[in-house]
Amino acid sequence: MLHITMIGCGAIGVGVLELLENDPQLCVDYVIASEGSEALVRQRLASFKQPPQVLTALPADARPDLLVECAGHRAIEEHVLPALERGIACLIVSVGALSEVGLVERLEAAAERGKTRIELLPGAIGGIDALSAAKVGGLDSVNYTGRKPARAWKNTPGEQACDLDSISQATVIFQGSAREAARLYPKNANVAATLSLAGLGLDRTHVTLIADPHSEENVHHFEACGAFGRFELSLRGKPLLANPKTSALTVYSVVRALGNHAHAISI
Ligand SMILES: NC(=O)C1=CN([C@@H]2O[C@H](COP(=O)(O)OP(=O)(O)OC[C@H]3O[C@@H](n4cnc5c(N)ncnc54)[C@H](O)[C@@H]3O)[C@@H](O)[C@H]2O)C=CC1
Ligand SMILES: O=C([O-])CC(=O)C(=O)O
């Protein structure tokens with residue numbers, strides 16, 4: 001049995017816990033919530049057969065086998081870095097956080113000191129295995145387009161690029177590097193950051209973001225060219241009801257990764 005601590009219990013966290021409830025090889029003992037949200041999180045977990053304990057920090061004597069971050073960029077600094085220092089292996093979904101200058105190096109150093117590892121999860125996108133293998137032979141270009149329903153861009157700089165409530169056709173709200181996309185759209189550019197880290201890096205991965213009033217899906221499309229040849233992938237993800245910015249595949253990606261750590265065969 002693998003003992004897990006989960007950071008954050010919003011749309012992804014609850015979805016993951018629901019799917020893990022019947023897996024006898026995985027047990028989420030603790031959920032770490034942000035200060036002041038513990039009561040709300042306990043309420044969210046009230047219907048679970050064996051709800052995890054809700055805390056705001058990992059107890060000093062706790063030694064989970066894995067810590068999985070499903071919270072947001074701030075949680076990397078607050079919880080993932082200290083856990084790595086303590087030798088706890090970490091899985092993260094808020095990969096866009098790694099666009100912050102120096103954070104990748106700090107995570108590496110913390111993991112080395114703790115003699116442990118950090119795993120960046122593919123989340124809402126696929127093909128990361130092929131892209132990172134292609135990188136070995138050398139990549140020439142990676143272009144990514146993220147297209148989401150107009151409502152998914154609420155409370156982002158997309159509101160300044162167009163009137164999200166009244167656009168009648170698909171509208172480009174951002175074009176630029178993955179680094180800039182991740183900085184401006186932290187909750188919508190995790191995929192751009194993941195593709196960059198697997199491929200050509202944050203400065204050479206070209207990103208286009210589109211608000212589409214006619215779409216009900218989060219569409220992630222990328223094309224990669226290099227010594228290996230060329231491939232493109234288009235993933236039409238269904239958004240989670242609880243958070244339209246987040247694709248349901250992200251939940252399944254977390255469950256898959258945890259299962260791969262616990263089960264005899266990993267795929
Ligand atoms: N890699 C990928 O493809 C994707 C990554 N994400 C990332 O996953 C994160 C979570 O997504 P959702 O569950 O949809 O968001 P959400 O907003 O529904 O839930 C996040 C939860 O984490 C909690 N939280 C935030 N900061 C925290 C902290 N420092 N410590 C403890 N708890 C904290 C919040 O209170 C909230 O309950 C997003 O912020 C995004 O960065 C989301 C979608 C795809
Ligand atoms: O589709 C998703 O779940 C989220 C997304 O676009 C991103 O963070 O890049």
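Ligands are counted one by one from 1 in listed order, and the atoms in each one are counted from 1 as well. The figures that follow rest on heavy atoms only: side chains count, while hydrogens, waters and symmetry mates do not. Please read these numbers as outputs of a predicted model, since none were measured by experiment.
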Who gets closest to [atom] by heavy atom: [options]?
atom                    : options                     : value
atom 41 (O) of ligand 1 : Ser94, Gly10, Ala124, Cys70 : Ser94
atom 39 (O) of ligand 1 : Ala33, Ala242, Gly72        : Gly72
atom 28 (C) of ligand 1 : Ala75, Gly237, Ala182       : Ala75
atom 16 (P) of ligand 1 : Asn243, Asn218, Ile12       : Asn243
atom 29 (N) of ligand 1 : Glu78, Lys245, Glu35        : Glu78

With side chains defined as the heavy atoms from C-beta onward, is the minimum distance between [X] and [Y] less than 4.5 Å?
X      : Y      : result
Pro52  : Asp29  : no
Phe222 : Glu232 : no
Asn260 : Leu258 : no
Ile32  : Thr5   : yes

[X] and ligand 2 - part of the residue with a heavy-atom distance under 4.0 Å:
X      : answer
Lys245 : backbone
Ser247 : both
Ala189 : backbone

Examine [X] against ligand 2 and note whether any of their N/O atoms are separated by less than 3.5 Å.
X      : value
Val191 : yes
Asn190 : yes
Thr246 : no

TODO: Check whether Tyr30 and Val68 end up in the same hydrophobic cluster, where Ile, Leu, Val, Met, Phe, Trp and Tyr are linked by side-chain heavy atoms less than 4.5 Å apart.
DONE: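 Different clusters.
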Open item on the list: Assigning hydrophobic clusters by single linkage (Ile, Leu, Val, Met, Phe, Trp, Tyr; side-chain heavy-atom cutoff under 4.5 Å), is Ile125 placed with Val251?
Closed with: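 Ile125 clusters together with Val251.
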TODO: Return the orientation label for the Tyr144 and His220 ring planes: parallel under 30°, perpendicular over 60°, tilted otherwise.
DONE: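 If you compare the ring of Tyr144 with that of His220, the planes turn out parallel.
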Based purely on interatomic distance, does [X] place a nitrogen or oxygen under 3.5 Å from a nitrogen or oxygen of ligand 1?
X      : answer
Thr246 : yes
Ala11  : yes
Glu69  : no
Val93  : yes
Ser247 : no

Open item on the list: When you compare the side chains of His79 and Glu69, does any donor N or O come within less than 3.5 Å of an acceptor on the partner?
Closed with: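 No pair is found: no donor N or O on one side chain lies under 3.5 Å from an acceptor on the other.
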TODO: Decide whether His221 and Asn143 meet the rule of one side-chain donor and one side-chain acceptor closer than 3.5 Å.
DONE: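 Distance-only check fails for His221 and Asn143.
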Task: Residue Gln50 excluded, over 12 heavy atoms near CD under 6.0 Å - done: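 12 or below, so no.
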Closest protein heavy atom (residue, atom, distance) for [atom]:
atom                    : result
atom 26 (N) of ligand 1 : Arg74 NH2, 3.9 Å
atom 30 (N) of ligand 1 : His79 NE2, 3.3 Å
atom 5 (C) of ligand 2  : Lys148 NZ, 3.1 Å

Open item on the list: Looking at Asp140 and Arg204, is any side-chain nitrogen of the basic one under 4.0 Å from a carboxylate oxygen of the acidic one?
Closed with: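 Salt bridge flag = no for Asp140 with Arg204.
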Open item on the list: Quick test of your reading of the model: are Arg230 and Glu223 salt-bridged, counting only N-O distances below 4.0 Å?
Closed with: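 Yes.
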TODO: Could you tell me which atoms of ligand 2, counted from 1 in the order shown, lie closer than 4.0 angstrom to a heavy atom of Thr250?
DONE: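 Near Thr250, meaning under 4.0 Å from one of its heavy atoms, ligand 2 has 3 (O).
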